[in-house]
A.B. asks: 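Before anything else, here's the structure in question.
Computed from a predicted model, the values in this text were never measured in an experiment.
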Amino acid sequence: MLQPKKRKYFKDFRGKRRGMASRGREIDFGEYGLKSIDSGWVSSRQIEAARRTITHHTKRGGKLWTRIFPDKPITKKAAGARMGGGKGDIEQYVAVVRPGMVLFELAGTSVIEAREAMRKAAHKLPVLTKFIEKHRG
């Protein structure tokens with residue numbers, strides 16, 4: 001699972017999930033990409049499941065780039081815990097995804113294979129996505 005090695009502050013606020021992505025909107029490395037059209041949190045487990053799906057479908061052919069990283073800690077208190085007593089322990093790490101962000105990029109495969117791999121990976125993610133291609137020109 002992906003998670004940061006070290007953090008300056010151990011726990012974060014929840015934050016707002018509004019607005020469009022300001023960076024990471026274009027395909028920079030590969031030929032094909034999976035772009036979010038929705039906002040939300042993508043956990044490290046979901047990123048790993050999508051990555052494994054893409055690599056499995058392409059039979060480890062081509063090159064895959066993961067453009068998001070889960071660096072936001074999400075806390076949760078125990079089920080029977082009473083109110084108060086401070087913030088809970090870190091349960092998981094998530095990546096904050098905004099509309100327009102490229103989540104995965106792929107190169108070295110056919111467009112049909114890439115589209116199908118991205119379609120299968122999109123089923124593992126909690127945000128709505130679309131398949132995009134790098135513009136020639």
A.B. asks: Would you check if P99 and I37 make a side-chain contact, meaning some heavy-atom pair closer than 4.5 Å?
C.D. replies: no

A.B. asks: Spell out, as yes or no, whether a donor-acceptor pair under 3.5 Å connects the side chain of Q46 to the backbone of S43.
C.D. replies: yes

A.B. asks: For the atom pair CE (M1) and CD (Q3), what is the distance rounded to the nearest 0.5 Å?
C.D. replies: 9.5 Å

A.B. asks: Got a second to check how far L103's CG is from R51's CZ, nearest 0.5 Å?
C.D. replies: 15.0 Å

A.B. asks: Looking at H56, is its backbone amide N or carbonyl O close enough to the side chain of R60 to form a donor-acceptor pair, meaning the two atoms are under 3.5 Å apart?
C.D. replies: no

A.B. asks: Taking K124 for its side chain and I47 for its backbone only, find out whether a donor-acceptor pair lies under 3.5 Å.
C.D. replies: no

A.B. asks: Sub-3.5 Å donor-acceptor pair from the side chain of S39 to the main-chain atoms of R17, do we have one?
C.D. replies: yes

A.B. asks: I'd like to know if the side chain of K120 and the backbone of A50 have a donor-acceptor N/O pair within less than 3.5 Å.
C.D. replies: no

A.B. asks: Counting N and O atoms only, with roles assigned by atom type, does the side chain of R7 sit under 3.5 Å from a partner on the main chain of D71, one being a donor and the other an acceptor?
C.D. replies: yes

A.B. asks: Would you check if the side chain of E105 reaches a backbone N or O of F29 as a donor-acceptor pair within less than 3.5 Å?
C.D. replies: yes

A.B. asks: Measure across T129 and A122 and return the closest heavy-atom pair with its distance rounded to 0.1 Å.
C.D. replies: OG1-CB, 3.2 Å

A.B. asks: Using the rule that Ile, Leu, Val, Met, Phe, Trp and Tyr join whenever any side-chain heavy atoms are under 4.5 Å apart, tell me whether L64 and V97 fall into a single cluster.
C.D. replies: yes

A.B. asks: Hey, could you give me the OH/CD1 distance between Y32 and I54, rounded to the nearest 0.5 Å?
C.D. replies: 14.0 Å

A.B. asks: Find out if a path of hydrophobic residues (ILVMFWY) with successive side-chain heavy-atom gaps under 4.5 Å connects I132 to V127.
C.D. replies: no

A.B. asks: Using a 6.0 Å cut-off, check whether atom CZ of R45 has over 12 heavy atoms from anything other than its own residue.
C.D. replies: no

A.B. asks: If you count the non-hydrogen atoms of other residues, nucleotides and ligands that lie under 6.0 Å from CD in E26, is the total more than 12?
C.D. replies: no

A.B. asks: Would you check if H57 and E113 make a side-chain contact, meaning some heavy-atom pair closer than 4.5 Å?
C.D. replies: yes

A.B. asks: Thinking salt bridges, do K77 and D89 make one under a 4.0 Å N-O criterion?
C.D. replies: no

A.B. asks: Check the hydrophobic clustering (I, L, V, M, F, W, Y; side-chain heavy atoms under 4.5 Å; chains of links allowed) and say if W41 and F13 are grouped together.
C.D. replies: no

A.B. asks: I need the R98 CZ to S22 OG distance, nearest 0.5 Å.
C.D. replies: 8.0 Å

A.B. asks: Taking side chain as C-beta onward, heavy atoms only, is V94 less than 4.5 Å from S44?
C.D. replies: no

A.B. asks: Flag the pair L125 / L34 as yes when at least one side-chain heavy-atom distance between them is below 4.5 Å, and no otherwise.
C.D. replies: yes

A.B. asks: Any donor-acceptor pair under 3.5 Å linking the side chain of K72 with the backbone of R14?
C.D. replies: yes

A.B. asks: Are E133 and V111 side-chain neighbours, meaning at least one heavy-atom pair lies under 4.5 Å?
C.D. replies: yes

A.B. asks: Look at the side chain of K134 and the backbone N and O of G33, then say whether any donor-acceptor pair between them is shorter than 3.5 Å.
C.D. replies: no

A.B. asks: Taking C-beta and beyond as the side chain, do R119 and E116 meet within less than 4.5 Å on heavy atoms?
C.D. replies: yes

A.B. asks: If I compare all heavy atoms of G61 with all of T109, which pair ends up nearest, and what's the gap?
C.D. replies: O-CG2, 3.8 Å

A.B. asks: Taking the side chain as every heavy atom from C-beta outward, state whether I68 and M101 have any pair of such atoms under 4.5 Å apart.
C.D. replies: yes

A.B. asks: Are any of the side-chain heavy atoms of P4 and Y93 separated by less than 4.5 Å?
C.D. replies: yes

A.B. asks: Can you measure from CG (D12) to CD1 (I74) and round to the nearest 0.5 angstrom?
C.D. replies: 8.0 Å

A.B. asks: Should we count NZ of K76 as having more than 12 external heavy atoms under 6.0 Å?
C.D. replies: no

A.B. asks: What do you reckon, is NZ of K130 surrounded by more than 12 foreign heavy atoms closer than 6.0 Å?
C.D. replies: no

A.B. asks: Distance from F131 atom CZ to M118 atom CE, nearest 0.5 Å?
C.D. replies: 6.5 Å

A.B. asks: Closer than 3.5 angstrom, by distance alone: can the side chain of T66 be matched with the main-chain N or O of F104 as a donor-acceptor pair?
C.D. replies: no

